[in-house]
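Below: one structure, written as C-alpha coordinates.
None of the values given here were measured: they were computed from a predicted structure.
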Amino acid sequence: MDGAALLAWFREGHGLLVDTLAGAAPDVRCWHFLPAPSPLAFWARRQAHETTVHRMDAESAAGGAVTGVAADFAVDGIDELLCGFHARPKSAVRTPEPRTLRVRATDAPGAVWTVRLSAEPPVTERAAAGDADCELSGPASRLYSALWNRRPVPEVAGDSSLAALWREKSGVV
(Lines give C-alpha, C1' and ligand atoms only; values in the text may rest on other atoms or scores of the structure.)
Protein backbone atom coordinates (compact mmCIF):
# COMPACT_ATOMS: atom_id res chain seq x y z
CA MET A 1 0.00 0.00 0.00
CA ASP A 2 1.26 3.48 -0.80
CA GLY A 3 0.12 6.90 -1.97
CA ALA A 4 -3.49 7.86 -1.35
CA ALA A 5 -4.47 4.41 -0.09
CA LEU A 6 -1.74 4.48 2.57
CA LEU A 7 -2.70 7.99 3.68
CA ALA A 8 -6.37 7.00 3.92
CA TRP A 9 -5.43 3.96 6.01
CA PHE A 10 -3.35 6.11 8.40
CA ARG A 11 -6.11 8.73 8.66
CA GLU A 12 -8.68 6.06 9.45
CA GLY A 13 -6.46 4.52 12.14
CA HIS A 14 -5.74 7.94 13.62
CA GLY A 15 -9.45 8.74 13.73
CA LEU A 16 -10.21 5.46 15.49
CA LEU A 17 -7.46 6.09 18.04
CA VAL A 18 -8.66 9.62 18.79
CA ASP A 19 -12.28 8.45 19.05
CA THR A 20 -11.30 5.60 21.39
CA LEU A 21 -9.27 7.84 23.69
CA ALA A 22 -11.86 10.63 23.68
CA GLY A 23 -14.72 8.21 24.33
CA ALA A 24 -13.06 6.23 27.11
CA ALA A 25 -14.30 6.66 30.66
CA PRO A 26 -11.79 8.58 32.80
CA ASP A 27 -11.60 5.59 35.17
CA VAL A 28 -11.15 2.98 32.44
CA ARG A 29 -9.00 0.06 33.55
CA CYS A 30 -6.65 -1.56 31.06
CA TRP A 31 -3.08 -2.78 30.73
CA HIS A 32 -0.28 -0.20 30.63
CA PHE A 33 3.45 -0.62 31.12
CA LEU A 34 4.71 2.64 32.63
CA PRO A 35 3.58 4.49 35.75
CA ALA A 36 0.83 7.04 35.03
CA PRO A 37 -2.01 8.81 36.82
CA SER A 38 -4.40 6.47 34.99
CA PRO A 39 -4.38 3.99 32.11
CA LEU A 40 -6.17 6.56 29.94
CA ALA A 41 -3.53 9.19 30.70
CA PHE A 42 -0.81 6.64 29.94
CA TRP A 43 -2.22 5.69 26.53
CA ALA A 44 -2.97 9.28 25.49
CA ARG A 45 0.59 10.30 26.35
CA ARG A 46 2.19 7.20 24.81
CA GLN A 47 0.29 7.54 21.54
CA ALA A 48 1.01 11.27 21.28
CA HIS A 49 4.75 10.64 21.53
CA GLU A 50 4.67 7.51 19.35
CA THR A 51 2.86 9.42 16.62
CA THR A 52 5.23 12.38 16.90
CA VAL A 53 8.38 10.27 16.62
CA HIS A 54 7.00 8.45 13.57
CA ARG A 55 5.97 11.77 12.02
CA MET A 56 9.61 12.80 12.36
CA ASP A 57 10.63 9.56 10.66
CA ALA A 58 8.22 10.19 7.77
CA GLU A 59 9.41 13.79 7.31
CA SER A 60 13.02 12.64 7.33
CA ALA A 61 12.31 9.82 4.84
CA ALA A 62 10.59 12.30 2.54
CA GLY A 63 13.76 14.40 2.54
CA GLY A 64 12.17 17.41 4.20
CA ALA A 65 12.97 19.25 7.37
CA VAL A 66 11.82 17.62 10.59
CA THR A 67 9.11 19.75 12.16
CA GLY A 68 9.80 20.62 15.77
CA VAL A 69 7.39 20.27 18.67
CA ALA A 70 6.37 22.66 21.45
CA ALA A 71 8.84 22.83 24.32
CA ASP A 72 6.34 21.58 26.93
CA PHE A 73 5.45 18.57 24.77
CA ALA A 74 9.14 17.85 24.17
CA VAL A 75 9.89 18.05 27.91
CA ASP A 76 7.09 15.57 28.60
CA GLY A 77 8.48 13.19 25.96
CA ILE A 78 11.99 13.45 27.39
CA ASP A 79 10.57 12.76 30.84
CA GLU A 80 8.68 9.70 29.55
CA LEU A 81 11.84 8.37 27.90
CA LEU A 82 14.23 8.95 30.80
CA CYS A 83 11.97 8.28 33.79
CA GLY A 84 9.78 5.64 32.16
CA PHE A 85 11.36 3.61 29.38
CA HIS A 86 14.93 3.71 30.67
CA ALA A 87 13.95 2.92 34.26
CA ARG A 88 12.81 -0.49 33.04
CA PRO A 89 15.05 -3.58 33.14
CA LYS A 90 15.03 -3.66 29.31
CA SER A 91 17.16 -0.50 29.08
CA ALA A 92 20.54 -1.30 27.54
CA VAL A 93 22.08 2.02 28.59
CA ARG A 94 24.56 0.64 31.10
CA THR A 95 28.12 1.33 32.18
CA PRO A 96 30.52 -1.03 34.00
CA GLU A 97 31.41 1.78 36.43
CA PRO A 98 28.96 4.34 37.82
CA ARG A 99 28.68 7.42 35.61
CA THR A 100 26.34 10.40 35.59
CA LEU A 101 24.65 11.91 32.55
CA ARG A 102 22.85 15.24 32.73
CA VAL A 103 20.14 16.20 30.24
CA ARG A 104 19.11 19.87 30.09
CA ALA A 105 16.52 21.60 27.92
CA THR A 106 17.90 25.11 27.59
CA ASP A 107 14.60 26.76 26.68
CA ALA A 108 12.39 25.22 29.39
CA PRO A 109 12.99 26.37 32.98
CA GLY A 110 13.49 23.45 35.35
CA ALA A 111 13.73 20.89 32.54
CA VAL A 112 16.83 19.08 33.73
CA TRP A 113 17.39 15.41 34.50
CA THR A 114 20.25 13.59 36.20
CA VAL A 115 20.67 10.05 34.90
CA ARG A 116 22.78 7.72 37.02
CA LEU A 117 24.30 4.97 34.90
CA SER A 118 25.73 1.70 36.16
CA ALA A 119 25.50 -2.01 35.43
CA GLU A 120 21.82 -1.74 36.44
CA PRO A 121 19.01 0.11 34.62
CA PRO A 122 19.49 3.89 34.68
CA VAL A 123 18.04 5.82 37.61
CA THR A 124 16.77 9.27 36.66
CA GLU A 125 16.01 12.21 38.92
CA ARG A 126 14.24 15.33 37.63
CA ALA A 127 16.84 17.76 38.99
CA ALA A 128 20.43 18.89 38.53
CA ALA A 129 21.69 16.63 41.33
CA GLY A 130 25.46 16.63 41.86
CA ASP A 131 28.21 16.63 39.30
CA ALA A 132 27.80 15.03 35.88
CA ASP A 133 30.37 13.30 33.71
CA CYS A 134 28.57 14.48 30.57
CA GLU A 135 25.80 16.94 29.79
CA LEU A 136 23.49 16.77 26.78
CA SER A 137 21.73 20.07 26.23
CA GLY A 138 19.83 22.18 23.75
CA PRO A 139 16.36 23.44 22.95
CA ALA A 140 13.72 20.98 24.18
CA SER A 141 12.42 20.14 20.70
CA ARG A 142 15.89 19.32 19.34
CA LEU A 143 16.84 17.42 22.49
CA TYR A 144 13.60 15.39 22.24
CA SER A 145 14.38 14.27 18.70
CA ALA A 146 18.02 13.61 19.62
CA LEU A 147 17.20 11.47 22.65
CA TRP A 148 14.81 9.42 20.49
CA ASN A 149 17.79 9.05 18.08
CA ARG A 150 16.24 11.04 15.26
CA ARG A 151 18.84 13.84 15.16
CA PRO A 152 22.25 14.56 16.68
CA VAL A 153 22.44 15.92 20.22
CA PRO A 154 22.61 19.73 19.96
CA GLU A 155 25.39 20.17 22.57
CA VAL A 156 27.62 17.71 24.41
CA ALA A 157 29.82 18.86 27.29
CA GLY A 158 32.18 16.61 29.22
CA ASP A 159 32.83 12.96 28.42
CA SER A 160 31.42 12.51 24.92
CA SER A 161 31.67 8.71 25.24
CA LEU A 162 28.45 8.86 27.29
CA ALA A 163 26.69 10.65 24.43
CA ALA A 164 27.97 7.92 22.09
CA LEU A 165 26.78 5.24 24.53
CA TRP A 166 23.32 6.84 24.55
CA ARG A 167 23.20 6.90 20.76
CA GLU A 168 24.31 3.28 20.51
CA LYS A 169 22.31 1.68 23.33
CA SER A 170 19.18 3.75 23.99
CA GLY A 171 16.86 2.29 21.36
CA VAL A 172 13.49 1.47 22.90
CA VAL A 173 12.39 -2.09 22.18
Side-chain angles (χ1 to χ4, degrees), residues 2-3 6-7 9-11 13-14 17-18 33-34 36 42-95 99-118 121-129 131-173:
D2 64 5
L6 180 60
L7 288 174
W9 181 77
F10 275 116
R11 284 189 182 111
H14 175 262
L17 172 63
V18 170
F33 57 91
L34 295 176
F42 166 81
W43 284 111
R45 178 191 206 193
R46 177 79 297 275
Q47 291 306 303
H49 291 298
E50 186 77 13
T51 301
T52 300
V53 168
H54 289 301
R55 176 192 44 85
M56 291 176 181
D57 292 341
E59 289 173 339
S60 181
V66 174
T67 306
V69 297
D72 59 340
F73 182 82
V75 166
D76 182 67
I78 294 167
D79 200 70
E80 180 194 47
L81 182 65
L82 297 177
C83 298
F85 279 104
H86 286 291
R88 297 169 57 196
K90 287 183 171 187
S91 177
V93 182
R94 315 255 177 139
T95 56
R99 306 295 305 276
T100 303
L101 177 67
R102 173 103 3 91
V103 176
R104 183 184 310 272
T106 55
D107 60 345
V112 59
W113 298 261
T114 299
V115 184
R116 301 201 186 287
L117 304 173
S118 69
V123 175
T124 300
E125 179 180 352
R126 180 88 186 260
D131 294 332
D133 297 299
C134 177
E135 181 168 308
L136 311 179
S137 63
S141 181
R142 291 194 51 214
L143 202 53
Y144 174 83
S145 60
L147 291 171
W148 282 100
N149 289 325
R150 279 11 192 223
R151 297 198 316 193
V153 174
E155 288 186 45
V156 177
D159 184 352
S160 62
S161 71
L162 289 179
L165 173 75
W166 182 270
R167 186 101 179 135
E168 180 184 334
K169 299 289 186 177
S170 69
V172 172
V173 293

Stepwise side-chain contact (heavy atoms from CB on, under 4.5 Å) check, D131 with T100: CA-CA 7 Å; D131 294 332; T100 303; over 6 Å; no

From CA spacing to verdict: side-chain contact (heavy atoms from CB on, under 4.5 Å), R99, D159: CA-CA 10 Å; R99 306 295 305 276; D159 184 352; 2.5 Å; yes

L81 and Y144: CA distance, side-chain angles, deciding distance, side-chain contact (heavy atoms from CB on, under 4.5 Å) verdict: CA-CA 9 Å; L81 182 65; Y144 174 83; over 6 Å; no

Residue pair W148, M56: steps toward the side-chain contact (heavy atoms from CB on, under 4.5 Å) verdict: CA-CA 10 Å; W148 282 100; M56 291 176 181; over 6 Å; no

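Considering every non-hydrogen atom in both R116 and A129, the closest pair reads NH2-O, 3.1 Å. Taking both residues in full, the closest heavy atoms of P154 and A146 are given as CD-CB, 4.2 Å, listed atom of the first, atom of the second, then distance. R104 and A128 get closest at one heavy-atom pair: NH2-CB, 4.3 Å. Considering all non-hydrogen atoms of both residues, A105 and V75 come closest at CB-CG2, 4.5 Å. Smallest separation of non-hydrogen atoms from D107 and A140: OD1-N, 2.7 Å. Contact detail for F42 and A36: the closest heavy-atom pair is CB-CB, 3.5 Å.
One distance of note links CZ of F33 with CH2 of W43; it measures 5.0 Å at 0.5 Å rounding. Note that OG of S160 is 14.0 Å distant from CZ of R167, once rounded to the nearest 0.5 Å. Between the NE2 atom of H54 and the CZ atom of R150 there is a distance of 6.5 Å, given to the nearest 0.5 Å. Atom CG of L17 sits about 6.5 Å away from atom OG1 of T51, to the nearest 0.5 Å. Rounding to the nearest 0.5 Å places CG of L162 at 8.0 Å from CG of L136. Put simply, OG on S141 and CG on D72 are 11.0 Å apart, with the number rounded to the nearest 0.5 Å.
Looking at T52, its side chain does come within 3.5 Å of a backbone N or O of A48 through a donor-acceptor pair. For R45 (side chain) and D76 (main-chain N/O), a donor-acceptor pair under 3.5 Å exists by modelled atom type. The closest donor-acceptor contact from the side chain of T114 to the backbone of A127 lies under 3.5 Å. Without hydrogens or angle criteria, W166 side chain to L147 main chain gives a donor-acceptor distance under 3.5 Å.
You'll find the side chain of L117 stays beyond 4.5 Å of the side chain of K169, heavy atoms only. In this structure, E135 and E155 have side chains that are not in contact, with every pair of non-hydrogen atoms separated by 4.5 Å or more. Looking at L34 and E80, their side chains come closer than 4.5 Å, going by heavy atoms from C-beta outward. Two residues are said to be in side-chain contact when any heavy atoms from C-beta on lie closer than 4.5 Å; T106 and P139 meet this criterion. Looking only at side-chain heavy atoms (C-beta outward), T124 and H86 stay at 4.5 Å or farther from each other. Contact check for R94 versus P121: side-chain heavy atoms found under the 4.5 Å cut-off. Side-chain atoms of N149 and S170, non-hydrogen and from C-beta on, do get closer than 4.5 Å to each other.
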